[in-house]
**Student:** 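Before anything else, here's the structure in question.
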Amino acid sequence: MVKPNIRDLPNELLLWIVSHLDGSTLFALAKSCKDLDFRLQPSTWKYNIRFQNSNLLHLAVKYNNVGLMDALLQYNANINTFY
């Protein structure tokens with residue numbers, strides 16, 4: 001008998017599930033596996049932008065991560081927030 005695994009869920013269902021998680025649970029789930037981390041990046045970015053004043057954008061700038069900065073701005077990260 002094969003046990004179900006959250007990694008095998010379609011993206012639509014996985015994203016629906018994570019939309020109902022709080023921040024620490026979402027980040028813990030994303031970091032539990034490299035595949036989930038990659039698939040859930042947009043959800044973690046959206047959560048960060050919506051609930052944590054885009055702190056992730058400040059860190060991307062601090063570490064000169066242009067790719068992450070670009071992605072966050074595409075998700076409407078607020079460049080005027082305070083860290």
Side-chain angles (χ1 to χ4, degrees):
M1 180 170 132
V2 177
K3 293 183 180 180
N5 192 316
I6 195 167
R7 290 178 293 169
D8 300 328
L9 292 174
N11 268 353
E12 295 81 15
L13 185 55
L14 182 61
L15 295 177
W16 180 83
I17 291 169
V18 300
S19 71
H20 292 83
L21 300 177
D22 66 3
S24 60
T25 308
L26 170 62
F27 292 111
L29 177 62
K31 294 299 179 190
S32 69
C33 152
K34 193 176 274 191
D35 177 53
L36 283 178
D37 189 31
F38 177 73
R39 289 173 62 194
L40 296 179
Q41 273 185 349
S43 296
T44 57
W45 294 341
K46 286 178 186 177
Y47 181 89
N48 182 274
I49 291 165
R50 190 177 317 130
F51 297 107
Q52 297 179 340
N53 294 325
S54 302
N55 289 342
L56 191 57
L57 181 60
H58 293 269
L59 291 175
V61 172
K62 179 179 178 180
Y63 294 109
N64 199 26
N65 188 334
V66 177
L68 181 56
M69 287 183 276
D70 184 47
L72 290 167
L73 292 173
Q74 286 179 15
Y75 283 103
N76 298 318
N78 184 353
I79 61 172
N80 295 315
T81 59
F82 294 98
Y83 185 73

**Student:** Any donor-acceptor pair under 3.5 Å linking the side chain of R39 with the backbone of R7?
**Tutor:** yes

**Student:** Identify the heavy atoms of L29 and S32 that sit nearest to each other, and give their distance.
**Tutor:** O-OG, 2.6 Å

**Student:** With sequence neighbours excluded, what pairs up with D22 under the salt bridge (charged side-chain N to carboxylate O under 4.0 Å, His left out) test?
**Tutor:** none

**Student:** Using the side-chain contact (heavy atoms from CB on, under 4.5 Å) rule, take T25 and V18 through it: C-alpha gap first, then chi angles, then the decisive distance, then the call.
**Tutor:** CA-CA 9 Å; T25 308; V18 300; over 6 Å; no

**Student:** Looking only at heavy atoms, what is the nearest atom pair of L15 and S43, with distance?
**Tutor:** CD2-OG, 3.2 Å

**Student:** State plainly whether one hydrophobic cluster holds both I6 and F38, where clusters connect Ile, Leu, Val, Met, Phe, Trp and Tyr through side-chain heavy atoms under 4.5 angstrom apart.
**Tutor:** no

**Student:** In Å, rounded to the nearest 0.5 Å, how long is the span from CD of E12 to CD1 of I17?
**Tutor:** 11.5 Å

**Student:** If I take atom CG from residue L26 and atom CG from residue L40, how far apart are they, to the nearest 0.5 angstrom?
**Tutor:** 6.5 Å

**Student:** May I ask you to decide whether K31 forms a salt bridge with D37, counting only side-chain N to carboxylate O separations under 4.0 Å?
**Tutor:** yes

**Student:** CG of D70 to CD of Q74: how many Å apart, nearest 0.5 Å?
**Tutor:** 4.5 Å

